[in-house]
Amino acid sequence: MISTRIGKYSILRWLGGGAFGDVYLAEDSILGEKFALKVSRLSPKEVQVLKDEARVLARLYHPCIVRFYNADFIDGRLVMVMEYVEGGSLRHLMDKDPPGVEKAVEIACRVLEGLEYAHKQGVVHRDIKPENILLGPQGEVKLTDFGLARFLKKGTISASMAGTPVYLPPEGWTGKFTERSDIYSLGVVLYEMLTGVQPFTGDSLEEVRKAIFQGRAAPVTVINSSVPPSLAQVVGKAMHVNPQERFASAEEFRDALVDVGAISAHRVRKAVLVETSVKEEGLQLTEGQRRVVECEHRRILLKGCAGSGKTTCLVHRICYLVEKKELEPSSMLVATFTRKAAADVKERVEKILRREVHEMLIDTVHGIGLRILRKYGWLVGIPEDFEVTPLDDEYLKKLDIKQKGKRLKRLVREAEKLKTRLMRADEVNRWSLGSDYRMNVARIFHMMNRLATEGLLTYEDLLYFPCRIMHRHPEVAEELRANFKAVFVDEIQDFTCSQYELIKLLTAEDACLFITGDPYQHIYSWRGASTQFMDRVVEDFPGVVEFSLQTSFRLPAKVLQVAQNLMSRHEQAGLVATAAKNEGEVELFRASSDTEEAEFVARRIHELVRSGDVSYSGVCVLFRSHFYSRNFEEAFSRSGVPYTLVGMTAFYEREEVTRVVGILRALVSGNVEEYLKGLAWLTGSRRVIQGLSEFEFPDDMKQNAPPRYRRFIEYGAEIMRSPHQFAPGDVLQVLLEDTGCLKKLKRRGSAQAAGQVENLEELLRAGREFKGTIQEFIDHIGLMEDLELARWNTNAVRLMTVHSSKGLEFPVVFITGLAEGIFPLESSSISQRDMEEERRLLFVALTRALQRVILSFPSRRGYQVLRPSRFLFDMVLK
Amino acid sequence: MRLRDICSQPEVNEPLLWRNLTVFPLQAEERKVLPFIVLDEGLVAGRVQVEELDRASVESVVVRNSADDFLFILEGEEIYGALQNRVFNTSVILDPMGEAVVPVSCVEQGRWSGRGTFSGSTGCSHPSLRAILCSSVTRNLRTRRSFHSDQGRVWSTVSSTLTTLRVRSNTVSLSDAFYELRAELDQFVSEGSELKNYSGFLVATGSRVIGMDIFFDRSLYKKEFEKLLKSYALEGLLYMSTQRGTVAHRKATRFISDVFEGETEKFPSVAKGEEFRVLGRSFVSKLTVLDGKPVHLSAFRTAH
């Protein structure tokens with residue numbers, strides 16, 4: 001039995017059940033949205049297997065497939081969160097009011113659309129039956145429970161309660177499922193819809209099995225004479241005992257239904273991908289892309305406009321070198337701009353190669369730098385157990401700098417920029433002469449270096465020190481370079497000097513090199529990035545061949561036009577044409593105030609979702625800066641639009657995550673006091689650390705600890721003895737679940753506690769999925785970007801800055817705050833160069849859209865009157 | 001006299017869900033009376049015999065308790081064998097070494113043949129049937145001082161139960177439903193094992209309370225627990241396609257309040273003890289009392 005509340009979900013009612021588990025309608029208490037929760041009866045071992053499957057299922061996004069959002073282990077049970085489809089199953093319809101021939105064929109065609117899409121993703125359903133075909137109130141047809149049949153225990157095939165397994169193809173009885181098995185099962189469903197009876201019956205399971213294997217079903221036309229013979233033949237072919245005699249694909253089956261006139265062609269939709277987090281692989285490359293991928297030159301610089309397939313080419317080039325040139329994945333280095341991009345590239349490569357590529361180094365340049373420092377940091381005095389942390393105010397206070405608040409932050413940023421420029425200490429000293437401002441920057445710079453030797457590194461140090469090491473110790477550089485026969489770099493237009501230098505140092509003379517970039521999407525000059533490095537590639541890597549892709553496959557025509565208008569001073573930003581299939585739409589809304597603007601956006605989102613054009617997760621609301629999000633958060637909360645903020649607070653900076661990571665750090669470094677303090681926080685009991693100073697760890701401590709906490713102290717001692725032997729997931733399980741920490745937080749019931757639970761569960765999930773030591777996991781979390789979190793699987797609007805949206809795409813994009821002073825920022829004092837970067841930023845925002853862009857601007861913000869952004873005139877008035 | 005004057009209301013705990021059933025664990029004040037054995041326990045040990053009368057009658061059977069402890073028979077409990085399967089019309093407490101003629105109802109319309117001894121207990125009838133037993137017996141007690149039930153309604157309830165559950169039964173026997181659906185009923189029991197830690201439970205299906213059973217002796221409750229849980233599970237299966245919502249805590253507490261505020265009618269039990277019955281507008285309840293101490297309370301919704 002389960003509670004009426006599972007995690008953050010309140011159970012509203014039971015929807016149905018089967019061998020796998022029960023399905024409940026539940027409401028997410030945070031989002032206010034309704035979901036279908038499937039609560040399984042699987043054993044923990046089976047759950048582990050399902051988690052891999054869940055990752056695949058979460059990628060299926062199609063109007064004819066019930067969306068699978070998430071799988072989690074809550075209160076000891078596996079709970080799967082799925083889209084809730086109002087209405088009932090096909091079984092209910094067939095029992096109540098059997099569909100006629102036309103309706104039956106239409107339902108089958110919708111299912112085939114979903115199957116076609118799923119099969120292309122490499123997913124076989126395995127359990128198609130009327131109970132798994134849901135019919136929505138607007139006539140939608142959705143297939144549910146993909147791939148779950150494999151988790152039924154052996155022996156659950158029986159003739160009890162749910163009826164006989166008539167939908168199981170002959171090969172399915174021995175566990176061999178292919179796409180053609182799904183074709184068979186749907187054929188049986190169609191048979192039943194057309195005739196009102198199941199094709200195979202018997203008094204016992206054995207009789208039914210025999211009938212299936214012999215293919216002994218009465219002809220459809222005998223039972224229902226209104227069914228055209230040609231249609232009956234199609235059904236018969238789908239249900240052939242021999243899989244090779246059936247339709248080879250869902251598409252072929254569907255085309256056959258059209259060919260026999262069972263359904264008119266215009267009512268059959270080709271599967272349209274509304275949004276994908278992983279692009280479809282296996283699709284044909286264009287001629288231009290193929291030339292790039294299969295180029296015989298070892299060194300390639302690929303410049304391409306937004307949506308032209310640069311990353312696709314990079315992915316295919318990796319696979320090409322592995323498969324055709326027999327390069328080992330372990331000899332490849334792939335540097336991406338974000339960790340999410342790294343994960344996406346890895347996933348796409350694995351899909352094409354049909355194998356895992358854990359041995360390939362795919363990471364951001366910062367991640368690569370961190371790995372180098374772990375091994376070689378000692379050469380510049382950095383301890384092995386260093387941590388990556390922003391510069392704490394506590395240290396800045398010691399410098400006794402007069403500037404405070406924002407001004408002090410600006411000084412810190414300037415010091416970081418010196419690091420990105422790879423300036424040495426003596427160079428910084430010379431640079432700082434004659435200016436108090438620069439002197440303060442230099443002092444912060446030197447403090448950062450001192451802290452590094454004490455094991456506290458900033459983000460920029462992850463690039464600065466590896467470069468310093470490789471410059472000072474050429475033998476180390478040589479050793480590292482020898483590991484990589486091929487180096488790939490994505491989005492070089494936003495590289496800083498330190499990033500570029502590190503890649504240059506890691507690329508051997510004879511290594512293959514593949515670099516992508518788009519100078520018109522350069523938006524990080526404020527961080528020290530520059531497009532000059534894209535130009536320097538040709539000089540620094542002899543033999544580089546340049547390619548250019550100027551057709552966008554993403555941008556619809558109308559959005560392309562607007563983007564071209566915006567960038568018309570810049571040779572139309574490299575955009576020549578679009579190959580996107582739809583025209584797209586561009587809307588413009590003028591609001592009387594910023595509040596009205598937010599309300600309009602909320603209202604418009606509801607309209608779009610209700611019309612079925614898009615789901616919440618297909619909508620992105622972009623703004624120039626974080627501060628502009630507040631109105632939207634309020635408007636969305638009031639009007640019930642589910643949303644999630646992306647990139648607002650770094651994951652590792654969230655308090656509860658920092659605490660738990662601190663405990664892990666204590667375990668790895670053997671810091672007993674910190675571990676026990678952490679344990680006190682987890683258990684909520686200060687008695688854990690009572691009398692701390694009186695005893696030596698661990699034996700005396702164990703004896704005097706409260707009995708129920710002794711095991712955690714023993715566990716901690718064990719880890720401290722040999723941390724490498726413990727998997728982060730196992731340790732986090734003990735720390736977060738066994739101590740009762742998560743349970744206590746859940747019982748509080750407040751929204752804040754629910755948020756903390758979510759973050760800790762995210763941490764636990766990350767730990768379980770992570771393959772490496774505890775120290776490596778700590779590094780991983782330290783670099784974790786908000787973009788990586790599994791919340792991509794929730795059906796919620798994404799709110800983010802334009803910078804955060806880089807590399808992403810959405811069917812519908814709102815670009816808000818298009819007023820002077822907001823977007824572009826600070827127009828009165830901004831330089832020409834910075835203004836052009838603002839323009840490029842808007843260009844990046846526009847080019848995130850797959851279908852529709854909605855621009856909005858407020859005439860007023862508070863008491864301040866605003867003028868429309870100059871960019872609006874450029875975009876709209878041409 | 002109201003029920004609340006005889007025993008205090010139980011504490012209602014947070015509900016649990018199983019498919020379309022919402023189950024509220026109940027915690028009542030422990031009032032240990034005497035050690036009891038229960039029917040199936042006694043039959044298996046050979047200390048209890050249930051037989052047809054010398055002149056067999058559908059409406060009555062003889063129960064002999066040769067154990068050293070009191071025998072408790074739950075109302076609605078089914079016995080199988082003899083000439084036809086029966087259920088007990090009311091709860092019975094029998095002395096050690098005691099014997100009584102006990103009123104029963106037939107739940108196997110299609111048989112009247114076999115040996116004179118009942119082989120065992122199959123379990124307990126589901127709440128729909130228990131509600132009919134309880135309400136018809138209460139009416140008969142008022143008018144004729146008789147514990148007989150409305151046999152016709154019992155038969156039609158058994159028949160409709162078998163039809164709804166699509167259970168084939170050659171003799172229209174209720175026990176066939178328990179047998180055919182044993183896998184699911186066993187699952188309910190295994191998943192509901194934590195309910196054993198309480199004194200009883202209230203069950204709702206969809207948005208309606210079905211009924212509740214409370215024992216004031218925990219050890220007696222533990223003995224009757226499994227058969228009771230299965231009986232409620234069967235009820236849940238009956239309403240699977242029509243009743244699927246969850247019931248709020250306040251609805252459960254309101255039902256219990258109504259039961260405890262009900263004006264009772266006192267009757268002597270079949271054997272030992274007394275019964276306090278309430279026939280409300282939408283519910284029926286019965287409290288079995290021995291030597292002034294409550295033993296078992298059941299209550300069922302009657303307006304289905």
Side-chain angles (χ1 to χ4, degrees), chain A residues 1-7 9-27 34 36-43 74-77 79 84 86-89 91-96 131 152-153 155-164 203-204 743 746-747 749, chain B residues 12-25 164-168 177 179-198 201-208 225 229 232-234 236-252:
Chain A
M1 290 190 187
I2 60 170
S3 170
T4 50
R5 206 180 157 81
I6 303 180
Y9 302 101
S10 299
I11 306 291
L12 300 176
R13 64 184 165 93
W14 182 68
L15 292 174
F20 187 85
D22 291 297
V23 186
Y24 296 92
L25 174 63
E27 188 176 88
K34 291 194 174 59
L37 291 197
K38 187 157 209 143
V39 183
S40 83
R41 300 189 197 110
L42 293 183
S43 70
I74 305 177
D75 296 338
R77 285 174 184 260
V79 176
Y84 168 57
E86 238 179 289
S89 69
R91 171 62 65 204
H92 291 132
L93 175 70
M94 282 158 67
D95 286 347
K96 205 171 61 174
E131 289 79 0
L152 293 177
K153 286 193 177 56
T156 53
I157 297 174
S158 71
S160 68
M161 54 170 232
T164 56
D203 286 331
S204 69
K743 223 182 195 170
K746 283 174 188 174
R747 269 207 291 262
Chain B
V12 182
N13 289 278
E14 284 306 307
L16 300 167
L17 296 178
W18 186 78
R19 299 197 175 177
N20 61 331
L21 294 180
T22 310
V23 183
F24 293 85
T164 306
L165 293 173
R166 298 187 195 189
V167 170
R168 281 195 292 194
Y179 181 75
E180 283 284 323
L181 300 165
R182 61 193 184 283
E184 279 166 299
L185 302 182
D186 286 342
Q187 190 186 44
F188 184 52
V189 170
S190 73
E191 291 190 26
S193 56
E194 66 185 283
L195 293 168
K196 238 187 200 175
N197 301 326
Y198 296 89
F201 45 83
L202 179 147
V203 179
T205 180
S207 54
R208 264 212 286 259
F225 171 77
L229 213 56
Y232 280 94
L234 194 82
L237 292 175
L238 273 176
Y239 293 105
M240 225 156 64
S241 55
T242 54
Q243 299 293 331
R244 288 168 169 228
T246 57
V247 160
H249 198 272
R250 65 175 184 282
K251 214 165 190 176

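Bear in mind the structure is a predicted one, so any value in this text is a computation, not a measurement. Note on naming: letters A, B, ... go to the chains in the order of the sequence lines (proteins, then strands), and numbering restarts at 1 for each one.
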[X] [atom1] to [Y] [atom2] distance, which is reported to the nearest 0.5 Å:
X	Y	atom1	atom2	answer
A/I6	B/L17	CD1	CG	7.5 Å
A/W14	B/T22	CH2	OG1	12.0 Å
A/M1	B/R19	CE	CZ	11.5 Å
B/N20	A/D22	CG	CG	9.5 Å

Are any of the side-chain heavy atoms of B/H249 and A/T4 separated by less than 4.5 Å?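 In short, these two side chains do not touch, never coming nearer than 4.5 Å.
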For B/L165, is it the side chain, the backbone, both, or neither that has a heavy atom closer than 4.5 Å to a heavy atom of chain A?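 Contact with chain A is absent: no heavy atom of B/L165 under 4.5 Å.
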